[in-house]
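For reference, the structure is listed below as structure tokens.
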Amino acid sequence: MKRFLLAVSFFALLITAVFAGGAGGRAPAQTGPDPAFFNRKPSGTITVSAYDSMLYKSYLEEAAKAFEAMYPGVKVNVETFSAMPEIKNMDQGNMRASTVQMQDDPQAKSDYISRVNTNLMSGTGADVYAMDVLPLRKFVGSGTLENLDPYMKGDPGFNIADYRQNIFDALRYRGGIWFLPMDYTFNYYVYDSTLVPAQIASVFGADKAWSADKLMKLGIPLYSGNYKLFSMVDYFRGPAGMFNQYLRENITSFINLETGKPNFLDGQFSGLLASITDYAQKGYIPRGVTGQQNAGQIMQLNMQAPTDRFFFKSSGNIGLVTMFSRGTGRQTRMITAGVSAGIEDNDEIAGIQANADGTVPFNFNQGFGINSQSKNKETAWAFMKFLLSKEMQLSTNIMNFGLPVNNQAREEKAALTFSGAAMGINMPVNDQIQTAIENYKTAVEKLSDSINTYVVQDTSLNDMIAQEVQYYFSGSRTADEVAKVLQNKADLYLSE
């Protein structure tokens, strides 16, 4: 059996989609394009700006070249700013692994945002912006971003039925839709059917949603000391780990971006920290590490045969490929540093990951908005639509971890993924693989049906939390001390 392992090592808290600032309230009123707008052919020059080179550079350059060929005379300039990450490949026996070591640089992101702000104020900003690090709340509040809702409704060439509508619906914010994702991702939970009793397993399924805390409460009465409840370590300097899982599901309890008020002092945040430590001390979850590990070491560890069982695991949507590849003779695994590898042969879907309030979020790899001051909105919108086309959604230059929002592309990408074509490895699709593809697609759509929210966050505040909580897990500060520091820093930041 040929197995393909993709181990991704993140040394950052969380690459969140947006960060907020500025005053609250609704966005300034905007009028949509007139009907003639959609009849004008693309012309002239536009500039597309993105911070993250790995995510965007190759993909946007491919799209620009294809778009220019489609509309002779049009020019699409592509700007990206971050340094490319280190990528290491390793072969061991019948396994092939690639590790992407992505170094998060809060200062570089801040410098990019400052540059964008300066350009916008001087009227020299790009026409289209990638929205993975830009301050959505601030940009919407200042009228910097174009409301795309009238474009989507008014353009005869844009059919919402061609896309996953609930993803777009979840983006509604302050009376509009301000950017469009090219793809979407979600987390989901699995349970080990050899450990979880059938009576409890009966409440699980691809059409259900669960928070980590609810699963923990289900698991604690089952704990006997033989197997840990979750595969996530207590803390890891990256997006993985039980602390970061709880933080993601409760972030709005600690930071209210609409009122500009942090809330770290009512005991809930310090209680969260204490609970995570308690879970590790009692053996419910593995202990993590507070320092960074070499990417090669992480890859080596992740390539070793997993020998542990866990009642529950958290996985990203790419994990569904692994699940439905079982027994087909081929397998693709994605392992994130900070998650203990475990036996997966008896894993079944418990449900999609939900926030503490019951809402079901999604994230994205690539998403774009239009500068409201653009002098060439016709071409900017046409380019956005081209990025949403099946052709571009199936590009091998786009990050392959996301699910295309284009329905046809999502359908076809399933077959490309299982055949290995999405990774540049073509293998025949027999009846067994075809059955796996159909089961995979059914699970993806059922899980996706539950998505109903997009959590607007602030990367600066997330970086702030990441910086401070490491002092608690290293033992140099108490939970209350960390909460007080965060309250003061966040209050100062949000009042600026």
Side-chain angles (χ1 to χ4, degrees), residues 7-10 13-14 186-197 200-201 203-206 208-251 271-290 293 298 301-302 304 306-320 322-323 333-356 360-361 447 469 472-473:
V8 182
S9 171
F10 294 101
L13 168 66
L14 173 64
F186 57 79
N187 289 333
Y188 72 103
Y189 292 110
V190 300
Y191 68 95
D192 188 322
S193 60
T194 67
L195 300 180
V196 177
I200 292 179
V203 301
F204 296 149
K208 302 297 193 301
W210 293 89
S211 68
D213 189 56
K214 286 185 176 180
L215 287 178
M216 184 66 76
K217 286 181 169 60
L218 276 179
I220 287 175
L222 304 175
Y223 181 72
S224 64
N226 294 324
Y227 301 102
K228 296 187 184 302
L229 297 181
F230 272 92
S231 61
M232 290 179 285
V233 301
D234 55 353
Y235 171 71
F236 183 79
R237 286 181 60 183
M242 187 61 79
F243 165 74
N244 286 319
Q245 189 74 8
Y246 268 73
L247 179 65
R248 278 191 290 272
E249 295 177 5
N250 292 272
I251 189 67
L272 188 158
L273 291 173
S275 294
I276 299 302
T277 300
D278 182 59
Y279 294 155
Q281 290 174 343
K282 290 180 177 176
Y284 298 161
I285 56 179
R287 290 185 180 277
V289 293
T290 57
Q293 291 177 277
I298 293 172
L301 289 171
N302 287 335
Q304 295 174 0
T307 58
D308 294 329
R309 287 192 181 275
F310 299 90
F311 281 79
F312 303 109
K313 302 185 188 78
S314 174
S315 182
N317 52 270
I318 191 67
L320 291 168
T322 299
M323 175 174 286
R333 295 189 68 201
M334 176 178 175
I335 299 176
T336 302
V339 177
S340 296
I343 297 170
E344 299 179 337
D345 294 347
N346 302 105
D347 284 352
E348 302 294 342
I349 296 173
I352 196 168
Q353 178 249 314
N355 293 324
V360 177
L447 287 160
V469 297
Y472 168 77
F473 285 102

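Computed from a prediction, not measured in an experiment: that's the story for all the values here.
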What pair of heavy atoms forms the shortest contact from Pro361 to Ala354, and how long is it? CD-CA, 4.3 Å
Inter-residue atom distance Asn317.CG - Leu447.CG, 0.5 Å rounding: 9.5 Å
As an exercise, state the distance from OG of Ser231 to CZ of Arg309, rounded to the nearest 0.5 Å. 13.5 Å
Over all atoms of both residues, closest heavy-atom pair of Val360 and Gln353: CG1-O, 3.8 Å
Going through the distances and angles, do Leu272 and Ile276 end up as a side chain to side chain contact (heavy atoms under 4.5 Å, CB included)? CA-CA 6 Å; Leu272 188 158; Ile276 299 302; 3.9 Å; yes
Lys313 NZ to Asp192 CG distance, which is reported to the nearest 0.5 Å: 5.5 Å
Apply ring-ring contact (aromatic ring centres under 6.0 Å, His included) to Tyr189 and list each qualifying residue two or more places apart in sequence or on a separate chain. none
Validation row: Val469, Leu247 side chains within 4.5 angstrom (heavy atoms): no
Is the number of heavy atoms from other residues, nucleotides or ligands under 6.0 Å of Tyr227 OH greater than 12? no
Atom pairs and distances, donor-acceptor, side-chain atoms in residues 210-217, under 3.5 Å, two or more places apart:
| from | atom 1 | to | atom 2 | distance (Å) |
| --- | --- | --- | --- | --- |
| Trp210 | NE1 | Ala350 | O | 3.2 |
| Ser211 | OG | Lys214 | N | 3.2 |
| Asp213 | OD1 | Lys217 | NZ | 3.1 |
| Asp213 | OD1 | Tyr246 | OH | 3.2 |
| Asp213 | OD2 | Lys217 | NZ | 2.6 |

Who passes ring-ring contact (aromatic ring centres under 6.0 Å, His included) against Tyr472, sequence neighbours left out? none
Any idea which heavy atoms bring Tyr223 and Lys228 closest together, and the distance? CE1-CA, 4.4 Å
Would you sort out whether Ile343 and Asp308 count as a side chain to side chain contact (heavy atoms under 4.5 Å, CB included), showing the intermediate values? CA-CA 6 Å; Ile343 297 170; Asp308 294 329; over 6 Å; no
Got Val203 and Lys208 here, is their nearest side-chain heavy-atom distance under 4.5 Å? no
Identified ring-ring contact (aromatic ring centres under 6.0 Å, His included) partner of Tyr191 from the options Phe230, Phe312, Phe204, Phe311: Phe204
Any chance you could measure Leu320, atom CG, to Ile349, atom CD1, to the nearest 0.5 Å? 5.5 Å
Does the ring centre of Phe243 sit less than 6.0 Å away from the ring centre of Phe473? yes
What distance do Asp234 atom CG and Asp278 atom CG have between them, rounded to the nearest 0.5 Å? 11.5 Å
Taking all non-hydrogen atoms of both residues, which atom of Ser314 and which atom of Gln245 are closest, and how far apart? OG-NE2, 3.8 Å
Between Ile220 and Tyr284, is any pair of side-chain heavy atoms under 4.5 Å apart? yes
Please report the interatomic distance CD1(Ile200) to CG(Leu195), rounded to the nearest 0.5 Å. 11.5 Å
Closest non-hydrogen atom pair, Asn355 against Arg248: OD1-O, 3.7 Å
For residues Ala356 and Asn250, report the shortest heavy-atom separation together with the two atoms involved. CB-OD1, 3.1 Å
pair Asn244-Phe236: side-chain heavy atoms closer than 4.5 Å: no
